[in-house]
Amino acid sequence: LHPWRNIAFVVCELQNFLEVYEFDEEYGNMTKLQEVTLTSQKTNAGAEIVLVESGVDLNIYVSSRGVGIIEIFKMKGTENSVSKEQEFLLAGTWPRHMTLHPSHTLLAVGDQKGNNVELVNIDHETGQLSAGTTIQPGDGPRQPSFLAFFQKWNMFTACLFLGWDPSHTCCLKKKCD
């Protein structure tokens, strides 16, 4: 959901679309405003949406599995449509989940089939993505399916909850300046 407007974003996993809806809070009705193709790759399947406020605009990051892409869309001010800003090719092919670092300058992407986490840089001014680092979880459980950042003693930790068993967790720690 848009953080301050009655707008909903829907990823159609098997149809490779991002849909934009206006919704009525009182009655729960939704009206489709726009449907855009997620990626230039026909074999991809949408997965996750992360919304990031940028002044009066909204950056929309959508992961797409198959080739491994994050699409960046922008909704400007009070417009009711999105425009595609960037198609960022990941190192991995199956971005199962992604989460935003509290600084809004880093996106952690779990590559479920590649058994790693890719840390992607976000340009603070433009919202554009650039390559960061790829982290292997080591000899522990595989197939990262959920990531989260939490702060403890000036350390940010990305935890990979791997599968359904909570005991299968791998945490990657990084000192933050």
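Being a predicted model, the structure only gives us computed values, none of them experimental.
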For [X] against [Y], the heavy-atom pair lying closest together:
{"X": "Val50", "Y": "Leu100", "result": "CG1-CB, 4.1 Å"}
{"X": "Glu118", "Y": "Thr134", "result": "CG-OG1, 3.9 Å"}
{"X": "Gly46", "Y": "Arg65", "result": "O-NH2, 3.5 Å"}
{"X": "Val20", "Y": "Met75", "result": "CG1-CE, 3.9 Å"}
{"X": "Gln34", "Y": "Val82", "result": "OE1-N, 2.6 Å"}
{"X": "Glu53", "Y": "Trp4", "result": "OE1-CZ3, 3.1 Å"}

Do we see a donor-acceptor contact under 3.5 Å between the side chains of [X] and [Y]?
{"X": "Ser54", "Y": "Asp57", "value": "no"}
{"X": "Glu85", "Y": "Ser83", "value": "yes"}
{"X": "Glu71", "Y": "Ser64", "value": "no"}

Using a 4.5 Å cut-off on heavy atoms from C-beta on, say whether the side chain of [Y] contacts that of [X].
{"X": "Thr93", "Y": "Val67", "result": "no"}
{"X": "Phe17", "Y": "Leu38", "result": "no"}
{"X": "Phe9", "Y": "Ile60", "result": "yes"}
{"X": "Leu90", "Y": "Val109", "result": "yes"}
{"X": "Asn121", "Y": "Thr105", "result": "no"}

Legend entry - side-chain contact (heavy atoms from CB on, under 4.5 Å) evaluation trace for Leu106 with Ile122: CA-CA 5 Å; Leu106 188 67; Ile122 302 174; 6.0 Å; no

Legend entry - Cluster overlap Leu107 with Ile49, hydrophobic side-chain contacts below 4.5 Å: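 Looking at the clustering, Ile49 is in a separate group from Leu107.
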
Inset, instruction - Please check if Val52 and Phe88 belong to a single hydrophobic cluster, counting links between Ile, Leu, Val, Met, Phe, Trp and Tyr side chain heavy atoms closer than 4.5 Å. - result: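 Same hydrophobic cluster.
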
From [X] atom [atom1] to [Y] atom [atom2], the distance as rounded to the nearest 0.5 Å:
{"X": "Glu79", "Y": "Arg5", "atom1": "CD", "atom2": "CZ", "answer": "9.0 Å"}
{"X": "Phe23", "Y": "Glu25", "atom1": "CZ", "atom2": "CD", "answer": "5.5 Å"}
{"X": "His97", "Y": "Glu48", "atom1": "NE2", "atom2": "CD", "answer": "5.0 Å"}
{"X": "His2", "Y": "Leu51", "atom1": "NE2", "atom2": "CG", "answer": "8.0 Å"}
{"X": "Asp111", "Y": "Asn116", "atom1": "CG", "atom2": "CG", "answer": "4.5 Å"}
{"X": "Ile72", "Y": "Gln128", "atom1": "CD1", "atom2": "CD", "answer": "5.0 Å"}

Inset, instruction - Check Leu58, Leu33, Leu1 against Ile7 for a side chain to side chain contact (heavy atoms under 4.5 Å, CB included) and give me the one that passes. - result: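 Of the listed options, the one satisfying the test is Leu33.
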
Inset, instruction - Before giving the answer on side-chain contact (heavy atoms from CB on, under 4.5 Å), spell out for Leu18 and Val10 the whole-Å C-alpha distance, their side-chain angles and the decisive distance to 0.1 Å. - result: CA-CA 6 Å; Leu18 171 65; Val10 177; 6.0 Å; no

Legend entry - Sidechain-backbone polar pair: Thr99 side chain, Ala108 backbone, donor-acceptor under 3.5 Å: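 No.
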
Inset, instruction - Keeping the roles fixed (side chain from Asn6, backbone from Glu22), state whether a donor-acceptor pair exists under 3.5 Å. - result: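 No: the side chain of Asn6 does not pair with the backbone of Glu22.
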
Inset, instruction - Could you walk me through whether Ile70 and Val62 pass the side-chain contact (heavy atoms from CB on, under 4.5 Å) test, one step at a time? - result: CA-CA 5 Å; Ile70 297 177; Val62 182; over 6 Å; no

Inset, instruction - Carefully, step by step, assess Glu87 and Thr39 under the rule side-chain hydrogen bond (donor to acceptor under 3.5 Å, both in side chains). - result: CA-CA 7 Å; Glu87 183 169 286; Thr39 74; 5.0 Å; no

Inset, instruction - Could you please spell out the steps behind the side-chain contact (heavy atoms from CB on, under 4.5 Å) verdict for Leu129 and Tyr61? - result: CA-CA 10 Å; Leu129 300 178; Tyr61 299 90; 3.7 Å; yes

